[in-house]
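Read the structure below first, then the notes.
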Amino acid sequence: MKLIVAVIRPEKLADVKRALFQVGVTGMTLSRVSGHGGERDVVQHYRGESVVLEFHEKVRIEMACSEEYVERTIQAICEGARTGDVGDGKIFVMPLERTVRIRTGEHDNDALTAINADEVMRQTQLEMRVPKLEAL
Ligand SMILES: Nc1ncnc2c1ncn2[C@@H]1O[C@H](COP(=O)(O)OP(=O)(O)OP(=O)(O)O)[C@@H](O)[C@H]1O
Ligand SMILES: [Mg+2]
């Protein structure tokens, strides 16, 4: 298991959520955070200028994933969050030692929220099939 932490632009949150849902990732935690990603703002003063390190509003998303979901999760975040400009965000991937679902006592992969891509794909295909059936 891995814990994937992504720090993204708040205005890209809807796109990232959609991309994650499409690959079947539905368990996540969101926080509003302040972040600094290397940008330097120059402030003009009467006697010259100085460089300040400003913090910008960002959204932090945490997702615990089984190994088979790691790459598709990273790819979905990148697709949803990228604008091509500096400040698009960062993804951190950490080993995750244990997961426990409190309600059932399940552990590790069994305790990860039903990240069930097969089910999502089935639903998507069903939705796609409906208009075709109606057209007949
Ligand atoms: N080394 C880091 N450690 C912790 N958080 C970071 C780090 N780098 C960036 N972040 C977080 O990610 C946010 C977005 O970073 P940002 O997209 O500017 O990364 P970057 O590597 O500078 O890429 P870019 O060149 O596109 O600006 C930051 O506001 C901060 O919250
Ligand atoms: Mg940056």
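Basis for what follows: all heavy atoms, side chains included, without hydrogens, waters or symmetry-related copies. Indexing begins at 1, ligand by ligand and atom by atom, following the structure's order. Predicted, not measured: the structure shown is a model, and the values here were computed from it.
To the nearest 0.5 Å, the span separating CZ on Arg60 from CZ on Phe92 amounts to 8.5 Å.
Among Thr83, Val7, Ile8, Val86, the residue whose heavy atom lies closest to atom 12 (O) of ligand 1 is Val7.
In terms of protein heavy atoms, atom 23 (O) of ligand 1 is closest to Gly87 N, 4.4 Å. When only non-hydrogen protein atoms are considered, atom 7 (C) of ligand 1 lies nearest to Phe92 CZ, 4.0 Å. Summary of contacts: the protein heavy atom closest to atom 15 (O) of ligand 1 is Gly37 CA, 3.9 Å. When only non-hydrogen protein atoms are considered, atom 14 (C) of ligand 1 lies nearest to Gly89 CA, 3.7 Å. For atom 31 (O) of ligand 1, the closest heavy atom belonging to the protein is Gly35 CA, 3.1 Å.
For the pair Asp88 and Arg9, the salt-bridge criterion is met [side-chain N within less than 4.0 Å of a carboxylate O].
For the pair Arg72 and Tyr69, the cation-pi criterion (under 6.0 Å, within 45° of the ring axis) is fulfilled.
No donor-acceptor pair under 3.5 Å is formed between the side chain of Arg103 and the backbone N or O of Arg101. Between the side chain of Lys58 and the backbone N or O of Gly87, at least one donor-acceptor pair lies under 3.5 Å.
Within ligand 1, the atoms closer than 4.0 Å to a non-hydrogen atom of Asp88 are 17 (O), numbered from 1 in the order shown.
The presence of a protein heavy atom under 4.0 Å from atom 20 (P) of ligand 1 is confirmed.
Between the side chains of Thr99 and His107, no donor-acceptor pair of N or O atoms lies under 3.5 Å.
Among the atoms of Gly87, none of the N, O or S atoms falls under 2.8 Å from the Mg ion (ligand 2).
Of the heavy atoms in Val33, none comes closer than 4.0 Å to ligand 1.
An N or O contact shorter than 3.5 Å links Lys90 to ligand 1 by distance.
Summarising the geometry of Met1 relative to Glu97, their closest heavy-atom pair is CE-O, 3.7 Å, with the distance given to 0.1 Å.
Within a 6.0 Å radius of CG in Leu53, more than 12 heavy atoms belonging to other residues, nucleotides or ligands are found.
Using a 4.0 Å heavy-atom cutoff, His36 is listed among the residues neighbouring ligand 1.
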